[in-house]
S.K.: 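So that we are looking at the same thing, I have put the structure below in structure tokens.
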Amino acid sequence: MVSNIWINRVMQDIHRFMGVYSSNELTPPLSYPTYIIANFSRSYEKGTHFIAILFLKKDLCIYFDPLNLSFIPRDIQEYMHLNSRLVYQINYTIQNPLSSFCGLFCIMAIMLHVNNIPLIQGITSFHEDSEQNDNKCVRILEKLFKLYYLEQLW
């Protein structure tokens with residue numbers, strides 16, 4: 001399982017990535033688009049599950065939970081609705097319940113968007129709930145980071 005610190009380090013050079021936050025310490029977006037990864041747990045609790053929130057415009061955000069859980073912590077729900085008029089939830093399960101790769105799947109969702117690859121296209125390329133999705137995620141992330149940094153050179 002990845003940690004807040006590891007994700008922040010990997011994503012530190014990604015333009016408009018705000019960071020990883022506990023559900024009770026979410027920071028409002030300063031500009032658009034902007035991206036965060038949130039932990040379901042509060043700051044004083046052991047981390048449990050990561051989700052990604054992509055604020056695409058002032059009034060539009062996308063909520064992505066790789067496990068597609070029916071439960072969204074109240075802190076996260078309130079945060080999204082305070083900072084966006086329209087909240088779209090992606091209802092597609094790409095993380096197997098036995099997997100601990102939620103942080104990597106969230107990074108992938110953000111990296112798809114920053115590389116101008118339609119989020120739905122990238123996510124639906126996975127078989128729902130498959131154990132092979134962890135390996136596929138790592139392979140895709142490798143390509144997405146290479147693409148991102150190649151674009152930054154030009």
S.K.: Does I120 belong to the same Ile/Leu/Val/Met/Phe/Trp/Tyr cluster as L67, with side-chain heavy atoms less than 4.5 Å apart forming each link?
M.R.: no
S.K.: Does the pair N4 and I37 meet the rule for a side chain to side chain contact (heavy atoms under 4.5 Å, CB included), with working shown?
M.R.: CA-CA 9 Å; N4 296 14; I37 293 177; over 6 Å; no
S.K.: Sub-3.5 Å donor-acceptor pair from the side chain of N96 to the main-chain atoms of D129, do we have one?
M.R.: yes
S.K.: For residues L104 and M108, determine if any side-chain heavy atom of one lies less than 4.5 Å from a side-chain heavy atom of the other.
M.R.: no
S.K.: Any chance you could lay out the side chain to side chain contact (heavy atoms under 4.5 Å, CB included) test for D65 and F40, step after step, and finish with the verdict?
M.R.: CA-CA 10 Å; D65 174 358; F40 268 21; 4.2 Å; yes
S.K.: To the nearest 0.5 Å, tell me how far Y92 OH sits from N68 CG.
M.R.: 10.5 Å
S.K.: Treating Ile, Leu, Val, Met, Phe, Trp and Tyr as nodes and any side-chain heavy-atom pair under 4.5 angstrom as an edge, say whether V114 and I7 lie in one connected cluster.
M.R.: yes
S.K.: Please round to the nearest 0.5 Å and tell me the distance separating atom CD1 of I117 and atom CG of L119.
M.R.: 10.5 Å
S.K.: Is there side-chain contact between M111 and M11, with at least one heavy-atom pair below 4.5 Å?
M.R.: yes
S.K.: For Y149 and F145, take the angle between the two ring planes, folded into 0 to 90°, and tell me which bin it lands in: parallel under 30, tilted 30 to 60, perpendicular over 60.
M.R.: parallel
S.K.: Find the distance between CD1 (I51) and CD1 (I72) and round it off to the nearest 0.5 Å.
M.R.: 8.0 Å
S.K.: To the nearest 0.5 Å, tell me how far I53 CD1 sits from M80 CE.
M.R.: 5.0 Å
S.K.: Is the side chain of E128 donor-acceptor paired with the backbone N or O of I94 at a distance under 3.5 Å, no angle test?
M.R.: no
S.K.: Out of curiosity, Q132 CD to D134 CG, how far, rounded to the nearest 0.5 Å?
M.R.: 9.0 Å
S.K.: Any side chain to side chain donor-acceptor pair (under 3.5 Å) involving residues 19-32? Give me the pairs, sequence neighbours left out, ordered by first then second residue.
M.R.: R16-S31, S23-D75, N24-S43, E25-S43
S.K.: Can you tell me how far the CD1 atom of I123 sits from the CD1 atom of I90, to the nearest 0.5 Å?
M.R.: 4.0 Å
S.K.: Please report the closest heavy-atom contact between F126 and C137, naming both atoms and the distance.
M.R.: CE2-N, 3.8 Å
S.K.: Taking S84 for the side chain and H81 for the main chain, is one N or O donor matched with an acceptor at less than 3.5 Å?
M.R.: no
S.K.: Take atom CG of L82 as the centre, draw a 6.0 Å sphere, and report whether it contains more than 12 heavy atoms from other residues, nucleotides or ligands.
M.R.: yes
S.K.: Out of curiosity, does V87 fall in the hydrophobic cluster containing I76 (side-chain heavy atoms, cut-off under 4.5 Å, transitive links)?
M.R.: yes
S.K.: Identify the two heavy atoms, one from S41 and one from T48, that lie closest to each other, and give their separation to 0.1 Å.
M.R.: OG-OG1, 2.8 Å
S.K.: If every non-hydrogen atom of N8 is compared with every non-hydrogen atom of G19, which pair is closest and at what distance?
M.R.: OD1-CA, 3.2 Å
S.K.: Is there a path of hydrophobic side-chain contacts, each under 4.5 Å between heavy atoms of I/L/V/M/F/W/Y residues, joining F101 to L69?
M.R.: no
S.K.: Can you check whether L144's main-chain N or O pairs, donor with acceptor, with N115's side chain at less than 3.5 Å?
M.R.: yes
S.K.: Closest heavy-atom contact between F50 and C106?
M.R.: O-SG, 3.5 Å
S.K.: Which pair of heavy atoms, one from M18 and one from P29, lies closest together, and at what distance?
M.R.: SD-CA, 3.7 Å
S.K.: Q95 side chain to S99 main-chain N or O, any donor-acceptor pair under 3.5 Å?
M.R.: yes
S.K.: Within a reach of under 6.0 Å around CD of E78, are more than 12 heavy atoms found that belong to other residues, nucleotides or ligands?
M.R.: yes
S.K.: Starting from W6, can I reach I36 by hopping between I/L/V/M/F/W/Y residues whose side chains sit under 4.5 Å apart?
M.R.: no
